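Lettering follows sequence order; numbering is per chain, from 1. Note that the structure is a prediction, hence the values are computed from the model and not measured.
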There are 2 protein chains.
Amino acid sequence: MNKVIDIILQMRRLDGELPKREQRVADFVLANLEQAAYLRQSEIARAAGVSDATVNRFCISLGCEGFRDFKIRLTQSVAVSLQYLGGPGNDNSVSDQLVVQVFGALVDTLNLVRQQLDSEAIEAAIDLLAGARRIAFFGVGGGSANVAREGANRFFRLGVPAEAHADGYFQRMLASTLDKGDLVFAISQSGSPAELLDSVAIAKQYGVKSISLTKRGSELAHATDVAIEIDIPEDHDIYKPSASRLAYIAIIDVLAAGTARRRPEQVKEYLRRIRTSLVPLSSDPGPKPIGD
Amino acid sequence: MNKVIDIILQMRRLDGELPKREQRVADFVLANLEQAAYLRQSEIARAAGVSDATVNRFCISLGCEGFRDFKIRLTQSVAVSLQYLGGPGNDNSVSDQLVVQVFGALVDTLNLVRQQLDSEAIEAAIDLLAGARRIAFFGVGGGSANVAREGANRFFRLGVPAEAHADGYFQRMLASTLDKGDLVFAISQSGSPAELLDSVAIAKQYGVKSISLTKRGSELAHATDVAIEIDIPEDHDIYKPSASRLAYIAIIDVLAAGTARRRPEQVKEYLRRIRTSLVPLSSDPGPKPIGD
DNA sequence: GCCTTCGTGAAAGAAATTTACATTTCAGTG
DNA sequence: CACTGAAATGTAAATTTCTTTCACGAAGGC
């Protein structure tokens, strides 16, 4: 999949320069883009009034390897085009618009974040997380505190003792009780809260490693052993909540998934136990999300 | 092309419920989405270590007519997903793959959820939320409890007294202190926890309206005045965290945004005050996320 | 007018997909 | 613990689809 040439564009570009019968194929395909992907070579041939062979040559004229290749590219191009054209969208009501806006912003933010992720930092973080005996997630303020809780929740399920704290004093106190082998995971979008900086510094005194999830180049990023640095443009439409928290949680998902893969057997067992412990609480015996 | 069932989602949804060998096919395809569209049935069969026929059956299990049909749908879905995820990533390192998988699953889930959202329910919920004097977010278990907190956090910023509780006893107690004009927002993926059902029932006695964010057709959905019902396929790859929580938070985002628009002036003022209260804590005077 | 070149379809050939059937596996039962 | 039946799986044949070859015919240049 080296270069993706848009096949529809290609057809338009070669329009007029193709042999007569091949041109008829092009005309037919362009006029029936949506259905074309579902048709077989012979059906297209018949519909365009030419032979199978001509259809095949047409594909090759377009730069494809054959009909198969052509069909794949056409399907892709059409799918993408329809995407832009909004498919079965009914953007009538106000709430539909809202949904489109909010979800669109989320997806955009996720993309933005994905591009910024540094795989080395991610892997270094997973190394630390997978080896940690105990993980303390620290976040301050409504948003980051919740991300911290989410992190604790995720890792707790992997069998690592994990806890989250939002209180500055408690964070400092806890940090001073940690020991080598433990890990501090500090979360802050601003990267400057004194609570977190202090906690990380205190922990470091006792040989405790630290990871931060924060703004690029922030104080907190410098202070920690591994920094996952992400810049998220704040949306200034104050009626639209920021997508940054979602992005942070997504990153924690990545870390949790990575950690789980490092210790597959353990994780399987812990999840099984947690699942088992929840069974009596529910009447539905089917597979369910763990812990609601 | 009546209804476009996203084949990738379909695979995730059936994940774990497929016969063993077919599951292997699913795993292989999901792990090689970008290439899969270019492979022939026999190549996929060999790569997954099964017979051609099993691959074909796998396609039919997914609801396709056969491999051909499957391939077309897969190509479409992948093309659309790549569109969202901004082109073929660099799948070199393990962590890159992880990121692609986790983010891909998130985006897919968000899309699925978006399709399921019922605009009438959303608008009814926003009506209730915008008119509420006080909102109590209830969730049980690690995941839903966090979603509840997130909800409280969001609405608190809009100037509505909002609180979140994860403890069943406290929920019931609180529910009995609520009055007309207050609102209960119950969150549960299973939709069956007794704590939530009780709390909603208790609140109802005192004329308190309720909203639920839960599984389609669940008990909780029936018990509440407005139900936002969403089915999220649980990912059975236990090494991969579920995306459902993110989706729930996204929905709360939509509700919060909608509520904010109903009372623009008030919200602006509250946000201004909150922002002001945080300024002394930070040296950086620029626009920042509110409350980290 | 004849030769060359290009475009075309028919049909053979190759490849891939689908179906039918036999074998294996596994859960439940006596 | 063997037996039974249903479900899952692989093998191989049948079918369909795609690709290539080849021969014919038309258009244009010498």
Side-chain angles (χ1 to χ4, degrees), chain A residues 1 7 10-11 13-30 32 35-78 272 276 279 285-287, chain B residues 7 10-11 13-30 32 35-78 236:
Chain A
M1 253 220 313
I7 202 70
Q10 184 71 354
M11 276 190 277
R13 185 182 346 212
L14 265 60
D15 208 64
E17 296 176 14
L18 292 169
K20 271 200 294 285
R21 310 304 284 255
E22 291 185 28
Q23 185 63 52
R24 284 174 65 174
V25 179
D27 291 344
F28 171 77
V29 172
L30 284 172
N32 298 278
Q35 299 105 61
Y38 294 95
L39 299 177
R40 313 173 185 301
Q41 181 174 257
S42 56
E43 290 177 307
I44 293 179
R46 191 155 38 75
V50 300
S51 71
D52 284 19
T54 299
V55 174
N56 210 283
R57 274 188 289 266
F58 159 76
C59 299
I60 289 166
S61 297
L62 250 46
C64 302
E65 306 210 336
F67 183 74
R68 269 156 210 289
D69 189 33
F70 168 74
K71 194 157 145 183
I72 292 176
R73 296 195 196 205
L74 180 67
T75 305
Q76 287 175 335
S77 294
V78 171
R272 192 193 60 71
T276 307
V279 167
Chain B
I7 203 69
Q10 183 70 0
M11 276 190 275
R13 189 188 331 232
L14 266 56
D15 208 55
E17 295 174 17
L18 291 169
K20 271 199 291 288
R21 308 307 284 264
E22 292 184 28
Q23 184 64 51
R24 285 174 62 172
V25 180
D27 291 343
F28 172 77
V29 173
L30 284 173
N32 299 277
Q35 299 105 62
Y38 293 96
L39 298 178
R40 308 170 187 300
Q41 181 173 256
S42 56
E43 290 177 306
I44 292 178
R46 192 157 35 77
V50 302
S51 69
D52 283 21
T54 299
V55 175
N56 210 283
R57 275 188 288 264
F58 159 76
C59 299
I60 289 167
S61 297
L62 248 47
C64 303
E65 307 209 337
F67 183 75
R68 268 154 210 291
D69 189 33
F70 168 75
K71 194 157 145 182
I72 292 176
R73 296 196 199 203
L74 181 68
T75 306
Q76 289 175 333
S77 294
V78 171
H236 286 268

At their closest point, which heavy atom of [X] faces which heavy atom of [Y], and how far apart are they?
{"X": "B/A36", "Y": "B/V29", "result": "CB-CG1, 4.2 Å"}
{"X": "B/Y38", "Y": "A/Q76", "result": "OH-NE2, 3.4 Å"}
{"X": "B/L74", "Y": "B/A37", "result": "CD2-N, 4.1 Å"}

Could you list the donor-acceptor pairs under 3.5 angstrom formed between side-chain atoms of residues 58-71 of chain A and any protein atom two or more places apart in sequence or on another chain?
residue: A/S61; atom: OG; partner: A/E22; partner atom: OE1; Å: 2.7
residue: A/S61; atom: OG; partner: A/R57; partner atom: O; Å: 3.0
residue: A/D69; atom: OD2; partner: A/E65; partner atom: N; Å: 3.0
residue: A/D69; atom: OD2; partner: A/R73; partner atom: NE; Å: 3.4
residue: A/D69; atom: OD2; partner: A/R73; partner atom: NH2; Å: 3.3

Are there any protein N/O atoms within less than 3.5 Å of an N/O atom in nucleotides 15-22 of chain C, and if so, which ones and at what distance?
residue: C/dA16; atom: OP1; partner: B/R40; partner atom: NE; Å: 2.9
residue: C/dT17; atom: OP2; partner: B/Q41; partner atom: N; Å: 3.0
residue: C/dT17; atom: O3'; partner: B/R68; partner atom: NE; Å: 3.4
residue: C/dT18; atom: OP2; partner: B/N56; partner atom: ND2; Å: 2.6
residue: C/dT18; atom: OP2; partner: B/F67; partner atom: N; Å: 2.7

To the nearest Å, give me how far apart [atom1] ([X]) and [atom2] ([N]) are.
{"X": "B/R21", "N": "D/dA7", "atom1": "CZ", "atom2": "C1'", "result": "14 Å"}
{"X": "B/Q23", "N": "D/dA7", "atom1": "CD", "atom2": "C1'", "result": "16 Å"}
{"X": "A/F58", "N": "D/dT19", "atom1": "CZ", "atom2": "C1'", "result": "17 Å"}

**Message:** Would you say B/T54 places a side-chain N or O within less than 4.0 Å of OP1 or OP2 belonging to D/dT9?
**Reply:**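 For B/T54, the contact criterion (side-chain N or O under 4.0 Å from OP1 or OP2 of D/dT9) is not met.
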**Prompt:** Is there a donor-acceptor contact under 3.5 Å from the side chain of B/R21 to the main chain of B/V55?
**Reply:** no
**Message:** Within the structure provided, determine whether B/F28 and B/L39 are in side-chain contact (heavy-atom separation under 4.5 Å).
**Reply:** yes
